[in-house]
Every structure is written in structure tokens, then in C-alpha cells.
Amino acid sequence: MEGTNQQCMILRVLVLILTCNILIAFSAATDTKRFHFNLEWEEVTRLCHTKSLLTVNGEYPGPTIAVHEGDRVEVKVTNRITKNTTIHWHGIRQYRTAWADGPAYITQCPIKGGQTYTYNFSVADQRGTLFWHAHFSWQRASVHGAFIIYPRLPYPFSPKIEAEIPIIFGEWWNADVDAVEGEMIYGGGPNSSDAYTINGLPGPLYPCSAKDTFIQAVEPGKTYLLRIINAALNDELFFAVANHSLKVVEIDAAYTKPFSTPAIMIAPGQTTNVLLQTNRAPDPSGMFPMAAAPYLTSLFPFDNSTTLGFLKYKGPNSSDRRTEPSVVVPNLPKMTDTTFATKFSDKLKSLATPQYPCRVPKAIDRRVITTISLNLQDCPPNRTCKGYAGKQFFASMNNQSFVRPLMSILEGHYKNLTASKMLSSTFPERPPKVFNFTGVDPLTENMNTEFGSKLLVVPFGTNLEIVLQDTSFLNAENHPIHVHGHNFFIVGRGFGNYDANVHPAGYNLVDPPERNTVAVPAGGWAAIRLKADNPGAWFIHCHLEEHTTWGLAMAFIVRNGPGPSQVLLPPPDDLPSC
Ligand SMILES: *[C@@H]1O[C@H](CO)[C@@H](O)[C@H](O)[C@H]1NC(C)=O
Ligand SMILES: *[C@@H]1O[C@H](CO)[C@@H](O)[C@H](O)[C@H]1NC(C)=O
Ligand SMILES: *[C@@H]1O[C@H](CO)[C@@H](O)[C@H](O)[C@H]1NC(C)=O
Ligand SMILES: *[C@@H]1O[C@H](CO)[C@@H](O)[C@H](O)[C@H]1NC(C)=O
Ligand SMILES: *[C@@H]1O[C@H](CO)[C@@H](O)[C@H](O)[C@H]1NC(C)=O
Ligand SMILES: *[C@@H]1O[C@H](CO)[C@@H](O)[C@H](O)[C@H]1NC(C)=O
Ligand SMILES: *[C@@H]1O[C@H](CO)[C@@H](O)[C@H](O)[C@H]1NC(C)=O
Ligand SMILES: *[C@@H]1O[C@H](CO)[C@@H](O)[C@H](O)[C@H]1NC(C)=O
Ligand SMILES: *[C@@H]1O[C@H](CO)[C@@H](O)[C@H](O)[C@H]1NC(C)=O
Ligand SMILES: *[C@@H]1O[C@H](CO)[C@@H](O)[C@H](O)[C@H]1NC(C)=O
Ligand SMILES: [Cu+2]
């Protein structure tokens with residue numbers, strides 16, 4: 001089986017002493033899959049720039065974790081550098097094991113240099129493609145990899161799959177990413193990346209890069225499953241393969257109603273599984289380019305380059321076109337094509353069959369409406385600020401710009417530190433001011449924000465709706481909002497102001513897409529619903545790292561339920577302390 005081979009390969013890399021067969025037999029017997037991640041520097045060269053890149057086990061992208069639905073997963077993370085770190089298992093529900101979720105200062109204190117922490121969780125009632133990544137400062141730029149959960153039941157789609165191809169998008173910076181992030185102090189925008197990458201390779205459209213091109217060999221007349229992951233820090237992407245349509249069958253490890261499309265839009269934090277049929281008569285070279293380029297909604301300087309890879313049909317005339325700089329992928333949308341992005345998102349629906357029912361809450365207990373905003377603050381005295389008009393950039397939700405506390409919110413919650421300022425304050429559940437949020441120049445005379453770590457606290461089992469309202473402070477922009485610990489359903493989306501008296505009537509409560517990250521339309525809103533039935537403290541944030549750095553984030557607490565199996569488990573012994 002494909003999965004076993006891939007897993008076998010990963011395990012072989014990780015544990016060189018044992019043979020692969022022994023490891024597989026061992027893990028099958030216990031249903032516990034064990035991995036060892038060493039966080040370490042590795043010299044890596046791209047675009048003729050050699051630098052020390054932060055990696056897991058020296059690999060870029062990092063090793064694939066492949067497990068089966070129902071498995072327990074233990075990943076021993078050893079921090080072999082002098083910086084702090086944490087790892088997040090993006091999209092894994094972590095039922096009762098919030099301690100293993102990973103975001104620094106939300107569910108744990110960082111793993112310090114020289115320390116080890118074992119993330120211990122089980123993967124239940126989930127199947128498909130997810131990914132893992134560092135959740136400390138901007139380390140996720142290179143510290144990421146695929147997390148594949150093989151289903152116990154056959155795939156609910158056909159035809160039979162010949163092979164699986166992970167496609168991980170990322171960005172490459174010639175500079176040290178810590179330095180790029182460091183320049184954001186006093187509110188500057190970050191430098192753009194130098195290249196986009198497919199599985200760590202920028203491809204031939206960049207200088208000195210033709211040799212670093214992703215080329216996937218395929219047999220003609222077969223069906224392949226592409227497991228596409230956007231691990232980029234700051235960029236929504238379009239992706240297409242020349243002369244081939246893509247059939248979407250799964251998003252964020254939830255099956256969808258299949259549909260064919262010339263291209264996909266994928267935001268950071270999202271995953272998309274597509275079927276690709278090698279049904280073309282190979283052109284004389286046998287090479288078909290595939291490309292990813294940004295979906296741009298920001299007015300700020302952006303990496304507007306294109307990463308290119310190739311499908312290479314096996315055949316007598318296969319040759320190498322990778323050095324041709326002129327290759328284009330005709331079906332890739334224009335970088336500003338919001339119409340395509342909107343139509344594509346509209347087509348995503350839950351599979352919603354008896355086997356895979358859509359568990360969207362039909363009624364809600366609570367509706368939280370929050371703006372998502374960029375902000376500007378005056379420059380501190382005697383500083384030079386590099387944001388707009390000499391001011392500092394920030395970002396906020398309901399005018400609260402999130403400040404990471406100096407302790408773990410989860411630990412504070414668990415220890416009943418309700419008296420502490422941090423845990424006793426309440427996140428505002430409505431925008432403090434209502435205006436034409438996405439109109440021209442809304443309140444531009446004052447784009448200030450407030451700072452803090454106010455929490456939304458909900459009882460166990462709350463059917464929660466969160467309306468995410470974009471604003472055009474500075475500029476309206478597409479924001480991929482990620483919720484930890486829960487999948488949600490996107491019941492509605494639109495442009496302009498959300499209206500609680502009008503829009504709920506148009507919600508899809510039958511087969512809305514289930515995700516962990518929603519790309520909120522630029523200049524619009526998205527309404528998501530979830531059942532808050534996973535006790536713990538959970539991060540909600542923009543998956544554009546640039547915006548999270550500016551404070552576009554919040555945390556929410558789900559209280560314990562009444563049953564013994566509805567409570568947060570005690571913290572593991574090796575949980576790092578602050
Ligand atoms: C992981 O959790 C399980 C269930 O609580 C426990 O049996 C196991 O010992 C834990 N593993 C480690 C390495 O702590
Ligand atoms: C960011 O870009 C500016 C302008 O090109 C350059 O001077 C600076 O060194 C860059 N910063 C980093 C960290 O590479
Ligand atoms: C691929 O698409 C291009 C542009 O639509 C077309 O000119 C070309 O003939 C196609 N090639 C194959 C092998 O289908
Ligand atoms: C990318 O941006 C640069 C600088 O703004 C511009 O000169 C260039 O034409 C843009 N390229 C594309 C492909 O849009
Ligand atoms: C391979 O190339 C030769 C010479 O150009 C041509 O005659 C032949 O038809 C090609 N075969 C395929 C399968 O395209
Ligand atoms: C700012 O600079 C002025 C003049 O150089 C100096 O008098 C003042 O003390 C400085 N203020 C701070 C907060 O450093
Ligand atoms: C926190 O409070 C709850 C309810 O009052 C109690 O059951 C629990 O033991 C307390 N936990 C700690 C760590 O003090
Ligand atoms: C909000 O602003 C937009 C753009 O300026 C305008 O088209 C729209 O009519 C305004 N909506 C309301 C409710 O004023
Ligand atoms: C946000 O808070 C700041 C600081 O209190 C205030 O000046 C500003 O008017 C608020 N903005 C909105 C949109 O509520
Ligand atoms: C790592 O995290 C700890 C706990 O928050 C903090 O005290 C320490 O300063 C951090 N170390 C570095 C090198 O950032
Ligand atoms: Cu954002």
C-alpha cells in the first residue's frame with residue numbers, strides 16, 4: 001500500500017538502526033506511532049544562497065507523519081538549538097489533550113534549548129491530509145511537514161488511485177527569517193519572500209534555480225491523489241497543472257462533494273486533496289508544468305513570483321524542459337482574481353452522506369461577531385517606525401490586539417487562576433463600533449486599537465457561531481482564520497457588512513464545507529459554526545504570520561463538561577514550564 005511505503009520511508013529516516021519491517025509490525029501491534037523530531041540547523045542552498053535553515057531532522061520540508069485513523073501518536077521533540085520552539089499538529093482535534101496542541105503561551109510554554117517534550121495524542125474520527133508546523137515566532141517558515149491520516153474505510157471516491165503525491169507550498173527567504181520578523185519591531189511590514197516553493201523547490205522561473213525543480217514522474221492513463229498543503233507564512237495561493245483539471249475531494253481532512261476545476265485557491269493553513277488523471281497524450285517532451293502563484297488582495301508589497309514544477313509522463317520521448325524560463329500554465333488565474341477565488345470557495349460542500357454526515361449545528365446558543373482589522377498606532381517617542389505614514393502596524397479582532405501572555409493560558413485555566421487579570425477578562429462579543437466596515441475610508445482618522453489577551457469563555461457543548469467581519473482599515477484583505485481544537489462549518493460568506501437580520505436566512509445548514517481554516521473574503525465576512533465540545537484553551541488567529549505577529553488573534557476557553565470523559569486530562573509530566 002502506498003501509505004505503508006511512505007510511512008516506511010519516513011520511519012527509516014527517523015530510526016536508522018531498526019529495519020522498517022520491524023517498526024511497522026511494532027506500530028501495528030500497539031497502534032501507537034512514535035516519531036522523534038530533532039529541531040536543528042541545516043545548511044541549505046536555494047537561488048545560490050546558502051544559509052542555516054531551521055529544520056526537523058535536517059529535512060526541508062520536514063518528515064511526513066503518516067498514521068491511521070484511531071492511532072495514538074507520540075512525537076518526542078528535542079530542541080537542539082538555543083532558541084525556544086513548539087510544534088503544532090494543525091487540524092488535529094486534540095480531544096481532551098489540549099496540552100499537545102502546541103501554540104506557544106496558549107497551550108504550553110516553549111520547549112527551551114536542550115529540552116525535550118513528547119506530544120502525545122490520539123487521532124480519532126479524522127482522516128485525510130493535515131500538516132504539522134512550528135508554532136513559535138516565524139519558525140514555521142521551514143519547520144513544517146505533511147500529517148497524513150489514512151482512513152480505516154475505503155476512500156468515498158473513485159477511480160482507484162495509482163499513487164499519492166504530497167504537494168507542500170512554502171516560501172524561501174535568502175535572509176534569516178528571524179531577522180525578517182525582527183524588523184517588524186516598531187510596526188514595520190516584513191520583507192517579502194524571495195521565492196515560493198513546491199516541496200522545498202522554487203523551480204526554473206527564479207535565478208540560479210533550475211536544478212531545484214520539483215518533477216513528478218507519472219504513468220499515462222492513471223489517477224493520482226495530490227495532497228496539497230499551503231505551509232506558506234503569508235500568502236494565499238492559486239495552483240494549477242497545465243492541460244489537466246483537478247477534482248477536489250477533500251479539504252482540511254474532511255471529504256467534499258467532488259467537483260472538477262482548472263485551478264484551486266488555497267490559503268495558508270489549508271489543505272486540499274485533488275484527483276488528477278493523466279489522460280493527456282503526452283506532448284513531445286512529456287512534461288506538463290504545474291504552478292503556484294499568489295492570490296493577492298493586499299496593497300502592500302508582496303512576493304508576486306511564480307513557482308513551477310512538472311508532471312513528467314513516463315514514455316520514450318520524455319525530456320527535460322525545466323530550463324525553459326518561458327513556460328506558462330494557461331489555467332492559472334490572474335493574481336488578483338477574486339471572482340475565481342469566490343466561485344471556487346462557493347463550490348466547496350461537505351460530502352454529507354450517511355457514512356460521513358455533516359454535523360453542522362442547526363441551532364446556536366451564542367453568536368459572536370468580531371471584526372478582523374489592521375490598525376495603526378503612533379510611533380513610540382525617539383523611534384523610527386516603518387509602518388504606513390511613519391506609524392506602527394498592528395492588527396486586531398473586535399479592536400483587541402492580542403498580546404501573548406508570559407504564561408500558558410491553558411495552564412492558568414487548569415490551575416483556576418481566575419483571579420489573574422488575564423483569565424478574568426472577557427473578549428467583547430460585538431464590534432465596539434458599527435459602521436460601514438468595508439466602505440471607503442471607514443473611520444480612517446483613528447485606526448488605533450487596544451491591547452490585551454481577553455478570553456472568550458463558553459460552557460462545554462455550546463453551539464457557537466462566530467461571524468468574522470473583514471474591515472478596510474488600511475486595506476480590505478483576505479484573512480485565513482484558523483481555529484484550534486475544533487473543525488467548523490462555513491455556513492455563510494458574503495461581501496460588505498454582515499447583517500444578523502438578513503444573512504442567517506441564507507445560510508447553508510445542509511452541506512456547508514467543514515474546515516479548520518476559513519479564507520474570509522476580502523471586504524466581506526464569513527459565518528462559521530462549531531460545537532464547543534473540546535475542553536481546554538484554544539487559539540483563533542489569522543494564518544498569515546505577518547498578521548498574527550501584529551495581534552490578529554484571540555483565545556477561547558471551553559469549560560469542562562459534566563461527564564468524566566468530558567474533562568481536560570491532567571498535564572503530562574514533561575510539559576515545559578515558563
Ligand atoms: C501517552 O498517553 C497515553 C494515554 O494517556 C499513555 O498511556 C502513554 O504512556 C503516554 N505516553 C508517553 C510517552 O507519555
Ligand atoms: C529587507 O529589505 C531591505 C530593503 O531591500 C534590506 O535593506 C534589508 O536588509 C532586508 N532585511 C532582511 C532581514 O533581509
Ligand atoms: C495544452 O494546452 C495548450 C493551451 O491550451 C494547448 O495549446 C496544448 O495543445 C495542450 N497540450 C496537450 C498535450 O494537450
Ligand atoms: C511584481 O511586482 C513588481 C514590483 O512591484 C513589478 O515590477 C512586477 O511587474 C510584478 N510582477 C508580476 C508578475 O506581477
Ligand atoms: C517520439 O519521437 C519520435 C521522433 O520525434 C516520433 O516519431 C514518435 O512518434 C514519438 N513518440 C511518442 C510516443 O510521442
Ligand atoms: C527622546 O529624545 C530626546 C532628545 O534627544 C530626549 O530628551 C528624551 O529624553 C528622549 N526620550 C526618551 C523616552 O528616550
Ligand atoms: C479547579 O476548580 C475546580 C472546580 O472548583 C476543581 O474541581 C478543581 O480541582 C480545581 N483545580 C485545581 C488545579 O485547583
Ligand atoms: C459601504 O461602502 C461601500 C463602498 O463605499 C458602498 O458601496 C456601500 O453602499 C456602503 N454601504 C452602506 C450600508 O452604507
Ligand atoms: C479602538 O480602540 C482605540 C483605543 O481605545 C480607540 O481609540 C478606537 O476608537 C477604537 N476603534 C474602534 C473601531 O472601536
Ligand atoms: C524561552 O521561553 C522562556 C519561557 O517563556 C523565556 O523565559 C525565555 O526567555 C525564552 N528564551 C529565549 C532564548 O527566547
Ligand atoms: Cu490576516
Side-chain angles (χ1 to χ4, degrees), residues 184 189-190 218 220-221 230 232-236 240-245 262-263 267-270 276-291 294-300 302 310-313 315 317-319 321 326-332 370-375 393-397 401-402 434-444 449 468-483 494-499 501-503 517-526 539-554:
M184 294 177 72
V218 292
N230 188 346
L233 290 186
N234 292 325
D235 308 274
E236 288 91 346
V241 182
N243 303 82
H244 292 75
S245 75
Q270 295 184 330
L276 177 140
Q277 284 187 299
T278 46
N279 54 5
R280 290 287 159 162
D283 78 353
S285 72
M287 303 280 277
F288 290 94
M290 60 174 88
Y295 165 43
L296 293 179
T297 57
S298 173
L299 301 175
F300 299 117
F302 235 83
F310 292 91
L311 278 187
K312 180 176 185 171
Y313 277 48
N317 286 352
S318 271
S319 72
R321 274 172 73 200
S326 60
V327 220
V328 289
V329 177
N331 36 350
L332 195 68
T370 175
T371 55
I372 47 185
S373 244
L374 303 186
N375 301 93
F393 290 126
F394 283 99
S396 62
M397 300 178 77
S401 188
F402 187 77
V434 174
F435 53 97
N436 191 342
F437 294 118
T438 62
V440 175
D441 288 343
L443 303 186
T444 41
T449 180
L468 302 156
Q469 171 72 60
D470 189 24
T471 66
S472 50
F473 278 14
L474 292 168
N475 72 250
E477 200 173 324
N478 187 294
H479 297 274
I481 304 294
H482 174 51
V483 177
F495 290 97
N497 273 19
Y498 173 78
D499 186 340
N501 295 318
V502 173
H503 291 124
T517 305
V518 56
V520 178
W525 55 272
F539 207 24
I540 299 180
H541 64 105
C542 185
H543 224 264
L544 304 181
E545 209 53 43
E546 170 184 11
H547 293 172
T548 302
T549 303
W550 288 339
L552 212 169
M554 62 179 286

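Remember, it's 1-based here, ligands and their atoms both numbered in the order they're listed. When a residue number appears, it is its place in the shown sequence, counting from 1.
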Report task. Please tell me if the side chains of Glu477 and Ile372 come closer than 4.5 Å, counting only heavy atoms from C-beta onward. Result -> no
Query - Donor-acceptor contact present, side-chain His547 to main-chain Glu545, <3.5 Å - result: no
Report task. Would you mind listing which atoms of ligand 3 come within a distance below 4.0 Å of any non-hydrogen atom of Arg280? Result -> 14 (O)
Report task. Output yes when a side-chain donor or acceptor of Asp470 lies under 3.5 Å from a complementary backbone atom of Trp525, and no otherwise. Result -> no
Query raised in the report: What residue and atom, counting heavy atoms only, is the protein's closest point to atom 6 (C) of ligand 8, and at what distance?
Result: Asn436 ND2, 4.2 Å
Query raised in the report: What about Phe473 and Phe393, are their ring centers closer than 6.0 Å?
Result: no
Query raised in the report: Is it true that some N/O/S atom of His543, main chain or side chain, lies under 2.8 Å from the Cu ion (ligand 11)?
Result: no
Query raised in the report: Would a search of protein heavy atoms around atom 9 (O) of ligand 8 find one under 4.0 Å away?
Result: no
Query raised in the report: Looking at the Cu ion (ligand 11), which N/O/S atom of His547 is the nearest one?
Result: ND1
Query raised in the report: Which is the closest N/O/S atom of His479 when seen from the Cu ion (ligand 11)?
Result: ND1
Report summary line: Residue, atom and distance of the protein heavy atom nearest atom 4 (C) of ligand 8 read Gly439 CA, 3.9 Å
**Report entry** Phe310 and Phe288 aromatic centres sub-6.0 Å
**Finding:** no
**Report entry** Between CD1 on residue Ile540 and CD1 on residue Ile481, distance to nearest 0.5 Å
**Finding:** 9.0 Å
